[in-house]
There are 2 protein chains.
Amino acid sequence: MTRSRSRRANEAWESLLTAHASLMKRFAAEPIWGELSMREYDVLYTLSKHDEPLRLFELGRGVLLSQPALSRLVDRLAERGLLERIPDPEDGRGVRLALTEAGRERQRRVGGRHAVGVARAVTAALTDEEMAQLEAIGRKLAAQGAATPAQRNRQEAVL
Amino acid sequence: MTRSRSRRANEAWESLLTAHASLMKRFAAEPIWGELSMREYDVLYTLSKHDEPLRLFELGRGVLLSQPALSRLVDRLAERGLLERIPDPEDGRGVRLALTEAGRERQRRVGGRHAVGVARAVTAALTDEEMAQLEAIGRKLAAQGAATPAQRNRQEAVL
DNA sequence: GCGATCTTCATGCGTTTGCATCTACCTTAA
DNA sequence: TTAAGGTAGATGCAAACGCATGAAGATCGC
């Protein structure tokens with residue numbers, strides 16, 4: 001691999017990081033969250049995307065949080081009545097997490113307002129083509145990040 | 001604005017978020033960080049990019065952390081001898097933050113290893129063209145996020 | 001079928017974070 | 001010049017986090 005290709009990769013990643021931090025701050029500053037932290041909302045949103053209850057470790061894949069921290073965050077949301085922990089009938093170790101009606105309603109309410117802010121920010125900055133590019137790029141990067149080290153080894157062996 | 005353009009904007013943002021979380025986990029799992037947390041490294045890296053000492057609030061722009069948390073993080077790094085807090089001669093309220101030689105050396109050491117991991121992940125996922133697109137898109141999004149609400153109002157009034 | 005190992009989630013504990021607030025300093029204007 | 005308001009950073013304190021570890025169920029090999 002050429003040195004400049006590595007450099008471009010690092011510049012692209014830094015650009016993504018900067019955009020992420022910058023927009024996250026902007027979104028966090030909007031007065032739409034009510035009693036929810038963005039992390040809590042993230043959990044509710046992730047659950048709302050799936051029809052079937054999620055396992056804790058599945059939820060953990062999407063959230064940037066340690067397993068114990070996520071476990072306790074879920075605790076707190078359950079205590080507030082926004083989701084339910086149900087023992088998994090097929091795996092005695094596991095829990096299934098499902099939004100309650102209150103949780104679903106809360107996600108919709110906050111999510112609707114948040115989506116407006118996201119649309120405002122992103123459409124103001126990017127063309128339609130760029131939005132499409134970003135979505136495709138994000139998808140590829142996420143797939144790369146999700147690959148296990150073993151999978152990456154196989155992938156590199158092919159190159 | 002059309003409904004579908006808003007929807008695409010949200011999909012693009014979600015894609016960025018997923019990529020961010022996924023790759024951050026991967027990078028965090030790499031055994032290259034030594035005694036540094038990624039947030040601490042982020043501060044050292046930001047300082048290393050600038051020749052002149054940074055003010056605390058300038059540092060805060062790039063870091064996703066509250067002002068008090070950043071203040072204390074800087075405290076700890078200063079106690080460990082990785083950076084220096086110097087009272088700003090031009091503003092009695094402020095501090096100037098500069099890497100010590102030890103801090104600069106530590107950033108280089110860890111940063112070099114980290115850059116290798118970033119390059120591996122990003123080049124494996126993206127073409128050169130996509131990397132260029134991502135860098136441009138990130139730049140535009142960051143500029144949008146950094147704009148003050150007043151600036152955004154003016155911007156929207158023009159549309 | 002049974003011990004060894006792995007996986008999933010919870011818990012103890014020290015550290016770090018965010019919110020609210022405080023102090024000190026700068027800026028503006030009368 | 002000085003009072004009013006704004007900005008930079010520090011600090012008290014409760015909440016949340018990460019690391020290490022534990023308990024309990026699943027899975028694999030012999």
Side-chain angles (χ1 to χ4, degrees), chain A residues 21 24-25 27-31 33-44 47 53-80 82-98 148-150, chain B residues 21 24-31 33-44 46-47 53-80 82-98 148-150:
Chain A
M24 285 298 280
K25 283 199 172 188
F27 296 145
E30 291 181 341
W33 302 102
E35 312 288 303
L36 289 177
S37 71
M38 284 184 82
R39 281 173 172 171
E40 288 167 342
Y41 171 75
D42 194 10
V43 165
L44 297 187
L47 288 177
L54 280 184
R55 292 290 297 270
L56 190 61
F57 73 95
E58 297 174 306
L59 197 54
R61 294 199 211 293
V63 180
L64 206 48
L65 213 54
S66 70
Q67 176 268 314
L70 180 59
S71 181
R72 284 172 167 130
L73 173 53
V74 162
D75 265 348
R76 296 190 297 270
L77 290 173
E79 257 172 64
R80 289 162 64 183
L82 298 175
L83 57 81
E84 271 183 321
R85 316 176 76 119
I86 305 157
D88 187 331
E90 296 175 13
D91 185 339
R93 301 164 299 180
V95 257
R96 293 179 166 279
L97 305 169
T148 64
Chain B
M24 285 297 279
K25 284 199 172 189
R26 171 168 167 183
F27 295 146
E30 292 183 338
W33 301 104
E35 312 288 303
L36 289 177
S37 71
M38 282 184 85
R39 281 173 171 171
E40 289 167 340
Y41 172 75
D42 194 10
V43 165
L44 296 188
T46 303
L47 288 177
L54 279 184
R55 292 290 295 269
L56 190 62
F57 73 94
E58 297 174 306
L59 197 54
R61 292 199 213 294
V63 180
L64 206 48
L65 213 54
S66 71
Q67 176 267 314
L70 181 58
S71 181
R72 286 192 250 245
L73 173 55
V74 162
D75 264 350
R76 297 190 295 271
L77 289 173
E79 257 172 64
R80 290 162 63 184
L82 298 174
L83 57 80
E84 270 185 321
R85 317 175 76 118
I86 306 158
D88 188 331
E90 296 174 13
D91 185 339
R93 301 165 298 181
V95 261
R96 295 177 165 279
L97 305 170
T148 65

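Naming: A, B, ... by sequence-line order, numbering from 1 per chain.
Close to D:dG9, at under 4.0 Å from its OP1 or OP2, lies a side-chain N or O of B:R55. Between A:R72 and D:dA15 there is no side-chain polar atom (N or O) within less than 4.0 angstrom of OP1 or OP2. Residue B:R39 places at least one side-chain N or O under 4.0 Å from the OP1 or OP2 atom of C:dT17.
Counting any heavy atom pair closer than 4.0 Å across all strands shown, B:D88 reaches no nucleic acid atom. Nucleic acid contact class of B:R96 (heavy atoms, under 4.0 Å, all strands): none. Residue contacts shown for A:D75 are absent, as no nucleic acid heavy atom lies under 4.0 Å away.
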key: Working for side chain to side chain contact (heavy atoms under 4.5 Å, CB included), residues A:D75 and A:R85   = CA-CA 8 Å; A:D75 265 348; A:R85 316 176 76 119; 2.4 Å; yes

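Considering only side-chain atoms of A:R76, the nucleotide from D:dC17, D:dA10, C:dT17 that sits closest is D:dC17. Considering only the side chain of A:R93, D:dG25 comes nearest among C:dC26, D:dG25, D:dG9. Listed nucleotides C:dC9, D:dA10, C:dC26 differ in distance to A:V95; the shortest reach to its side chain belongs to C:dC9. Relative to the side chain of A:R85, the nucleotides D:dA26, D:dA10, C:dA10 differ in distance, and C:dA10 lies closest.
Counting heavy atoms from C-beta outward, A:L36 and A:R80 have side chains that approach closer than 4.5 Å. In this structure, B:D91 and B:R55 have side chains that are in contact, with non-hydrogen atoms separated by less than 4.5 Å. Looking at A:L64 and A:D42, their side chains never come closer than 4.5 Å, going by heavy atoms from C-beta outward.
The base of D:dA10 sits within donor-acceptor range of the side chain of B:Q67, with an N or O pair under 3.5 Å.
A residue-by-residue look at B:F57 and A:L65 shows that B:F57 has its nearest nucleotide of DNA chain D further toward the 5' end. Comparing B:P68 and A:L70, the nucleotide of DNA chain D nearest to each residue sits closer to the 5' end for B:P68.
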